[in-house]
Chemist: 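First, the structure itself, so that you have it in front of you.
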Amino acid sequence: MKHFLIKYRLQNGSQDAWHQDITEFISALDGDPALQGKISYRCMKSGADYYHLATAMDDQAIKALQARLFFSRYTEKTKLVAGGAVDVLPLEIIAETKRTA
């Protein structure tokens, strides 16, 4: 599995409109038969700072996501709301709890 942290500060546009864009992106992920169960995505915020955690099952899932028009549109919108300053950090899990939920 591949994990990524995307972080930025909301600098342009309406917070409500941006939250709607995030919700629409996640709905597109959930509704894509090729990506269902292969991509996990969540967004969190603290003040004006946003943190997105993305997990892909494998490289094929990443390639499938990158081929989607909704992904490229969302990536461009993210850059726009962040004023161009978006950090995408690959993460390596060192240890974690067992999943119980």
Side-chain angles (χ1 to χ4, degrees):
M1 294 201 340
K2 307 254 179 164
H3 305 276
F4 301 91
L5 173 65
I6 300 109
K7 63 180 191 167
Y8 57 91
R9 178 172 285 254
L10 182 66
Q11 298 193 31
N12 298 310
S14 152
Q15 176 179 287
D16 290 338
W18 180 232
H19 289 186
Q20 183 62 38
D21 288 335
I22 294 167
T23 300
E24 289 172 6
F25 174 71
I26 291 172
S27 291
L29 281 173
D30 285 339
D32 189 307
L35 298 174
Q36 287 178 340
K38 296 179 182 171
I39 303 280
S40 169
Y41 194 91
R42 55 176 57 138
C43 176
M44 293 145 293
K45 74 182 235 36
S46 176
D49 296 324
Y50 283 74
Y51 305 90
H52 301 242
L53 293 175
T55 301
M57 293 300 288
D58 52 34
D59 288 334
Q60 286 91 0
I62 294 170
K63 288 178 186 175
L65 175 62
Q66 290 172 336
R68 299 300 188 267
L69 183 56
F70 69 83
F71 176 75
S72 58
R73 287 181 182 159
Y74 181 69
T75 300
E76 288 304 314
K77 285 182 181 181
T78 303
K79 290 177 188 173
L80 180 66
V81 301
V86 178
D87 293 321
V88 179
L89 308 167
L91 301 174
E92 178 184 349
I93 291 180
I94 305 304
E96 65 184 320
T97 60
K98 295 180 184 177
R99 296 180 188 187
T100 58

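Atom set for the values below is all heavy atoms of this structure, side chains included, hydrogens, waters and symmetry mates excluded.
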Chemist: Is the closest side-chain heavy-atom distance between Asp21 and Thr78 below 4.5 Å?
Modeler: no

Chemist: Give, for atom OG1 of Thr55 and atom CZ of Phe4, the distance between the pair rounded to the nearest 0.5 Å.
Modeler: 9.0 Å

Chemist: My understanding is that only residues two or more places apart in sequence, or in another chain, count here; which of them pass side-chain contact (heavy atoms from CB on, under 4.5 Å) with Leu80?
Modeler: none

Chemist: Apply side-chain contact (heavy atoms from CB on, under 4.5 Å) to Leu69 and list each qualifying residue two or more places apart in sequence or on a separate chain.
Modeler: Ser72, Arg73

Chemist: Distance from Asp58 atom CG to Lys2 atom NZ, nearest 0.5 Å?
Modeler: 9.0 Å

Chemist: State whether the side chain of Gln36 and the backbone N or O of Asp30 hold a donor-acceptor pair below 3.5 Å, judged by distance alone.
Modeler: yes

Chemist: Are the side chains of Leu53 and Leu5 in touch, meaning some heavy atoms are under 4.5 Å apart?
Modeler: yes

Chemist: If you look only at pairs with a residue in residues 37-50, which of them pass as a salt bridge (charged side-chain N to carboxylate O under 4.0 Å, His left out), with sequence neighbours excluded?
Modeler: Arg9-Asp49

Chemist: How many angstroms lie between CG in Leu35 and CZ in Phe70, if you round to the nearest 0.5 Å?
Modeler: 5.5 Å

Chemist: Does the side chain of Thr75 come within less than 4.5 Å of Lys79's, by heavy atoms?
Modeler: yes

Chemist: Heavy atoms, side chains only, cut-off 4.5 Å: are Tyr50 and Gln15 in contact?
Modeler: yes

Chemist: Any heavy-atom pair between the side chains of Ile22 and His52 that's under 4.5 Å?
Modeler: yes

